[in-house]
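Everything on this sheet refers to the single structure shown next.
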Amino acid sequence: MPEHRIEQIRNAALMGHSGSGKSSLLEALLYGARAISQRGRVEDGTNHADFTPQEKAHHHSLEASFLSLDHNDIHINLIDTPGLPDFFGRAQLAMPAVESVLLVINASRGIEPIAQRAFEEARRQGKSILIVVNQMDGNEAQLESVLEQIQTQFGHGCLPLNLPKADGTGVVDCYFSPDYDTPTRFGDVRSCHDALIDTVVEQDEALMEIYLEQEESLTPEQLHAPLETALRHGELVPVCFASAEQQMGINHLLQILAQVLPNPQEANPPNFVNGWGDEAKPVKLTLDEAGHLLAHVFRVSIDPYVGRLGVFRIHQGVLRTGQKLFIGADRKPIKVAHLVKLQGKDQVEVTSAGPGDICALAKIDGLEVGAILHDHHEEDNFHMVDQDLPQPLFGLAVRPKRRGDEQKLAEVLHKLVAEDPSLQISHDGVDNETVLQGLGDMHVQIALEKAQQVFNLDMDTQKPSVAYRETITSSAESRYRHKKQSGGAGQFGEVHLKVEPLPRGSGFEFTSKVVGGAIPSQFIPAIEKGVKEAMREGILAGFPMQDIRVVVLDGKHHPVDSKEIAFHMAGKKAFLEAVMASSPVLLEPIVDMHVQVHQDKMGDITGDLSAHRAMVCGTQALANQQVDINAEAPLAALDDYATRLKAMTGGEGQLSMAFSRYEVVPPNVQQQLMAH
C-alpha cells in the first residue's frame with residue numbers, strides 16, 4: 001500500500017519574484033517540521049533547494065526542486081521554483097502538478113512582476129492561492145501597506161489568517177484559535193476573524209443560517225468544506241505573515257499548509273482530455289487507488305552519467321516497483337525498476353506511491369515533459385491540456401568551437417530543450433545558422449553554461465537575433481501550373497488557391513474546398529507541404545510567415561503525370577504569387593515590460609523608453625519610494641536596455657519582460673530589414 005492516502009497529501013509550488021525568499025522560506029518550513037536538522041543558507045550555497053553547481057555559483061534557483069515534509073500526519077510536497085523573470089517558463093511547468101500556489105512576497109518590496117504573473121497564471125489554471133508576506137522582521141512599517149496593495153491588486157478576498165504582533169516577536173492567529181488579547185502591529189484580530197468567517201459561510205447556505213440566526217460560533221472543522229470551496233473558486237485568498245530568517249510565523253504556516261490547503265480530492269480536478277485537436281474530449285478521473293494508473297511527467301533532467309530523470313505527479317491508481325506501464329501511445333511497456341521520492345539532491349527509494357503523490361523514475365529514455373504514464377491501453381490518448389508557456393524573446397546563433405562537434409551540438413541542444421520547453425531551437429536556412437531562443441539573455445546564457453559544464457560542449461555565439469515574422473494584410477488568389485516534361489515520365493499539377501489574413505497570433509490554417517476530384521485527395525497534403533515550406537522561407541526578408549489562412553479552391557491533375565512533387569511545387573508557387581498580391585508586411589515582437597526604480601529616476605526612465613519606440617502604459621507606486629513603470633516596446637529597440645537601465649539607476653533598477661504580441665514594423669524599419 002502507498003505510504004500516504006490521498007486525503008493526507010498536500011501539493012504546493014512556491015512562486016514569487018527573485019529575492020522574495022522562497023528558498024529560505026522552504027528551508028524554515030523543513031526545519032520547523034524537523035525534516036532537516038540544520039538550516040542551510042542561500043548565501044552559503046548550503047540550502048537544500050539550490051543544490052546544483054550552477055545554482056550555488058549564481059545564488060539563485062534555476063530549476064524546480066522537490067522537497068517534502070510531514071506535519072501532524074499530513075504529507076506536504078513542496079516545489080521550489082525559480083523567481084528570475086527569464087525562468088518563469090520553468091516555474092510554470094510545476095503548476096499542473098500541484099493544487100496550491102504559495103505566492104511569496106517580500107515585505108520590503110511589495111508585489112513584483114513575477115508575483116503578479118504567478119497570481120494570474122495560478123488563477124487561470126484554477127489553483128488555490130496562499131500569499132505569504134515574507135521578511136516581516138525589520139519591515140514592520142511596510143506590512144500594513146503591503147496588505148493594502150495585495151487587496152487592491154488581487155482583490156478584497158485576500159484576507160489575513162494572522163497579523164504581526166505589536167512587539168515584533170511573531171504573529172497572532174486570526175482563524176484557528178483567534179487571540180483577541182495580544183496587541184497587533186495593525187488591524188484587529190476580531191475583525192479579521194469575522195471577515196474570514198463571513199467569506200467562508202457564504203459558500204454554504206445551511207452553515208450561514210446557523211451562523212446568522214442562531215449566532216453559534218463555528219469551528220474550523222465545520223468551516224473546512226466551505227473553506228475549500230472558497231479557495232477552489234478563488235473567493236478567498238488567505239494571507240499570512242512570516243519571517244523565514246527569524247523562524248517567525250513558521251509553525252502557524254505549517255498548520256495552515258496542513259489544515260487549510262486542499263488535498264487533491266478537494267481541489268479543482270486535473271485538466272485531462274482524451275484525443276487530439278477537435279476530437280479531444282474532457283476526462284473526469286476517479287482520483288482513487290483502485291483506478292487505472294494515470295500520471296503525468298512535468299519535469300525532466302538529463303545527466304550524462306546518471307541518465308534521464310523524469311518527475312511525475314500521480315493522479316489516479318497506484319504505481320509499484322516491478323510494475324509494467326506505458327508511456328503515451330507507445331505499445332511497448334517499460335518496467336519500473338526504481339521508484340524514488342526526491343528530497344533536494346537526494347533520491348529516496350520507495351516501493352509504491354498513490355494518487356496525489358509526486359515521484360520520479362530514472363534511466364527511461366521515453367520520459368518527456370508532458371508524457372503520460374499509464375497501465376492500460378484505454379488511456380493511450382490521454383494527455384493534459386498544453387500550457388501556454390512564455391514565448392522566447394532572445395536568440396543566439398550557436399555553433400561548436402571544435403570541428404566535428406556538429407552532431408554533438410544537435411544532441412546537446414535537444415537535451416536542453418527536453419529539460420526546459422521554454423527554450424526553442426530554430427534553423428535559419430538563409431544564413432545556415434542554428435539559433436537557441438529563450439525568454440531572455442540570462443536564460444540562454446545559463447543554458448549555454450550548462451552545455452559546457454555538464455555536457456562538455458563549447459560553443460561560439462553571435463549577437464542575439466530578433467524573431468521577426470512576415471504576414472499579409474489583404475486577401476488574394478493565384479493559379480499556378482507546374483508542368484515538366486523530360487525524356488521519361490512528366491510532372492503535372494495545377495493549383496488554384498486563396499490566401500487570407502488571420503487575427504494576430506492565430507498561426508496558420510489550411511483547408512481544401514476542391515470538389516469533383518479536380519485534385520485527387522491524396523495530393524492535398526503535398527500542396528499543404530509546399531505552402532508550409534514557402535512560409536518557413538518567407539517572401540520579403542526571409543522570416544517565417546504566420547497568421548495566414550490558405551484555401552485550395554480548384555486545380556487540375558493528369559492521370560499519368562500528376563505526382564506529389566508536382567503539387568508540392570504548384571502549391572508553393574501559387575502561394576508565393578498570392579502572397580505578393582496580398583500586401584505582405586513584416587512583423588516585430590512587442591514585449592510587455594516592467595521597470596522598477598526609485599521615484600526620483602522615473603522621468604529619466606520614461607524619457608529613455610519614449611526615445612526608443614516604447615509606449616508607457618502606466619505607473620504604480622510601490623513601497624520604499626519605488627515605482628513600477630509598465631511599458632510596451634519593440635524587442636528590437638531593447639537590445640542594450642539592461643545596460644542602459646543599470647547606467648541610469650546606478651545598478652539598482654529591476655527589469656522584467658514578457659512577450660505580448662506581434663505588430664507591423666514601421667515602413668522605414670521594413671525597408672532596412674528588406675535591404676539587409
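Between Arg124 and Glu121 a salt bridge is recorded (basic side-chain N to carboxylate O distance below 4.0 Å). Arg331 and Asp380 are joined by a salt bridge, as a carboxylate oxygen and a charged side-chain nitrogen come within less than 4.0 angstrom of each other. Ionic pairing of Lys529 and Glu564 is not present here: no N-O contact between side-chain nitrogen and carboxylate oxygen is shorter than 4.0 angstrom.
For Phe382 and Phe326, the ring centers are positioned 6.0 Å apart or more. The aromatic ring centroids of Phe272 and His315 lie less than 6.0 Å from each other.
Heavy atoms of other residues, nucleotides or ligands lying less than 6.0 angstrom from NE2 of His414 number 12 at most.
Taking each heavy atom of Pro421 and Leu93 in turn, the nearest pair found is CD-CD1, 3.6 Å. In plain terms, the two heavy atoms of Thr473 and Ser583 that are nearest each other are OG1-O, 2.8 Å.
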Does the side-chain contact (heavy atoms from CB on, under 4.5 Å) test come out yes or no for Ile79 and Arg299, once each step is laid out? CA-CA 11 Å; Ile79 305 177; Arg299 169 86 178 99; over 6 Å; no

Check the pair Val495 / Tyr480 against side-chain contact (heavy atoms from CB on, under 4.5 Å), numbers first and verdict last. CA-CA 6 Å; Val495 174; Tyr480 187 88; 5.8 Å; no

Walk me through whether Glu528 and Lys532 qualify under salt bridge (charged side-chain N to carboxylate O under 4.0 Å, His left out). CA-CA 6 Å; Glu528 182 178 5; Lys532 287 182 175 179; 3.4 Å; yes

Side-chain donor-acceptor contacts of residues 566-574 below 3.5 Å, not counting sequence neighbours, with atom names and distances?
residue: His568; atom: NE2; partner: Glu533; partner atom: OE1; Å: 3.2
residue: Lys572; atom: NZ; partner: Glu533; partner atom: OE2; Å: 2.6
residue: Lys572; atom: NZ; partner: Glu537; partner atom: OE1; Å: 3.3

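Side chains of Gln316 and His292: no donor on one and acceptor on the other come within 3.5 Å.
Residues that satisfy the ring pair (Phe, Tyr, Trp, His ring centres under 6.0 Å) test with Phe87, not counting sequence neighbours, are His443. Residues meeting the side-chain hydrogen bond (donor to acceptor under 3.5 Å, both in side chains) test with Asp375, sequence neighbours left out: none.
A side-chain donor-acceptor contact under 3.5 Å links Asp547 to the backbone of Ser506. Between the side chain of Arg313 and the main chain of Pro96, no donor-acceptor pair closer than 3.5 Å is present. A donor-acceptor pair under 3.5 Å links the side-chain atoms of Asp288 to the main chain of Gly291, judged by distance alone. Between the side chain of Glu470 and the main chain of Gly542, a donor-acceptor pair closer than 3.5 Å is present.
Note on ring orientation: taking the six-membered ring where Trp is involved, the planes of Phe543 and Tyr468 are tilted (angle from 30° to 60°). Note: His374 and His377 have perpendicular aromatic rings, judged against thresholds of 30 and 60 degrees for the angle between ring planes.
Among the candidates Glu449, Gln453, Lys450, the single residue satisfying the side-chain hydrogen bond (donor to acceptor under 3.5 Å, both in side chains) test with Gln54 is Glu449. With Phe492 as the fixed residue, the side-chain contact (heavy atoms from CB on, under 4.5 Å) test singles out one of Arg481, His482, Lys563: Arg481.
Side-chain contact between Asp303 and Leu309: absent, with no pair of heavy atoms (C-beta onward) separated by less than 4.5 Å.
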